[in-house]
Number of protein chains: 2
Amino acid sequence: MEVTLEEIERASVRIQGVAVRTPLLRTIVLDDRSPLWLKPENLQPMGAFKIRGAVNKIAALSQAERDAGIVTHSSGNHAQAVAYAARCHGAQAVIVMPDTAAAVKVESTRRLGAEIVFVPPSRREERCAELARDHGYTSVPPYDDRFVIAGQGTIGIEIADDLADVATVLVPVGGGGLISGVATAVKERSPSVRVIGVEPELAADAAQSVQRGRRVAWRPEQTGRTIADGLRTECVGHLPWQHIQRYVDDIVTVTEHQIRQAVRVLAGRGHLVAEPSGAVATAAYLACAESLPPQGHTVAVVSGGNIDPDRFRDILDGPD
Amino acid sequence: MEVTLEEIERASVRIQGVAVRTPLLRTIVLDDRSPLWLKPENLQPMGAFKIRGAVNKIAALSQAERDAGIVTHSSGNHAQAVAYAARCHGAQAVIVMPDTAAAVKVESTRRLGAEIVFVPPSRREERCAELARDHGYTSVPPYDDRFVIAGQGTIGIEIADDLADVATVLVPVGGGGLISGVATAVKERSPSVRVIGVEPELAADAAQSVQRGRRVAWRPEQTGRTIADGLRTECVGHLPWQHIQRYVDDIVTVTEHQIRQAVRVLAGRGHLVAEPSGAVATAAYLACAESLPPQGHTVAVVSGGNIDPDRFRDILDGPD
């Protein structure tokens, strides 16, 4: 069964004091277009929306469960969000990372007090499940979990509260946890709002899944081509897929050039540092005029800002 | 007489719906240091805190005054804030600009519906006063005005509301309107909080004024040397000077290198694009450990983000 609006409303209370209540920013206005509002989740602790789901999951555990510890597998934004949320709740976190993970990400996760367990990339999920079973840890999945989805959905509640006449919400799609929560909150509040997912055309498994009416997986060598490294997930999760079918109106794709252009616009006009994955929704607004509604207020979720400084400079230097 | 807390509280109501209620972001934590919270005013409409004072001034006018029109002189953030605030209130704005103003700033102010009047740089104040007298326009000064100061002070109310145990607030100082409002709000709420102004050492007129106990003016060829172009004001205003004497604990200075470094840190760790003037308070936190309190929560006001893209890339490319 899908996550309910009530579960998301409970999450809104649980995340207070850890996640930031981000404002809506009306920073980008194109001539003759509906205004664009940005939801800057790159300003969250650890630089991404992931903190919402992680802290909702951990805050909802019993004290005994928190005392037993938390485990997850990730080398990206999810790892740091779980480590941060665990620390806020006094829980020990164990993060399973591929032994190929970048040293800076390992170090920043360790600085948050998490224990790192290295494994070959292919063994991440298995090792995570073993640790949960052997030590009684609670696993915090990156997207296929109703507490995680409910946490991400708090973004949708805030959008509906802040902009009563929102017409369209654009949301990046990787594993699908973010759009699942946001779409549920927004549609249950106002069924007429359009919720549109955005993917890189080089990792368009969700768009293809919607076209075919069934979950389609792309191979890592396909999704690995996009600069939007947070959206290289090969397939949306089981629970997210239910939400996408029920609540999401459409999924559009953007090119690598459009993603880079959006990173530049977000810096220049929005004064925000966004990672490529975080910029795809803005890219869709900037580039896809014909596939988006011609009128009404549009919100783009800027999902994260964790971009390597060299890559950021390279994108700003454009053209590409 | 100084602006009162009550005037600032009234401003908080007036600016709602135009200025953004910016969150406090705990994004930068140095080892063994008190945490730093950022107040990201670069996310305001037109990219700077200036919108708060401008909209408070214009919203407080009578309908007849608004119908008569608004005038100001500026080529920077203040011009665009006044043009934006006037448009929000259906008032016509006339902006006196030096005929040396950058074309992009002229164009973006004009796009907001303002009329631009060009004059030689030395005639700006005089022409502004003439227009006010001849046409019945209301002048919106950049800092030497109690409604403008009260508007900027709403930042202090938000800081006090969001972080009850704040120990130190760091604020950029140019003409002094921003720190006047912030210091009044913070000190009237909690007299024990330290409010510290920050200036470039190349434009340290306010720091020198505080040392000498009287307003000291620096020459344009002196203040013009700093990269922080928003803080090149030659002297703090009359009304700000009263507030600084009464409410501000100290004014510290930062080097050009420290300012550039802070712009990099704000981008890398804070995910914010700050202009050099907007980064000086963060620079003081990063560089001036010995002159700042060793413990307690510190807030740095990131006052603006309007930086030329080429300059931003140049700073990111460092070292400098």
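So you know, we letter chains A, B, ... as the sequences are listed, proteins then strands, and number each from 1. Keep in mind that the numbers below use all heavy atoms, side chains included, and drop hydrogens, waters and symmetry copies.
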Worksheet item: Among B:Leu272, B:Leu24, B:Val273, which has the most heavy-atom pairs under 4.5 Å with chain A?
Response: B:Val273
Practice prompt. Select one option (side chain, backbone, both, neither) describing which atoms of B:Asn306 are under 4.5 Å from chain A's heavy atoms.
Written response: both
Worksheet entry | Minimum heavy-atom distance between A:Val20 and B:Pro23, given as atom pair plus value | CG1-CB, 3.6 Å
Worksheet item: Do you know which of A:Ala267, A:Gly304, A:Ala274 has the most heavy-atom pairs with chain B at a distance under 4.5 angstrom?
Response: A:Ala267
Worksheet item: In terms of heavy-atom pairs under 4.5 Å, which option from B:Ile307, B:Asn42, B:Asp308 contacts chain A the most?
Response: B:Asn42
Response to the item:
Okay, B:Asp317 and chain A: the region with an atom under 4.5 Å from a heavy atom over there is both
Fill in: Selection from B:His271, B:Arg264, B:Arg21 maximising heavy-atom pairs under 4.5 Å formed with chain A
B:His271
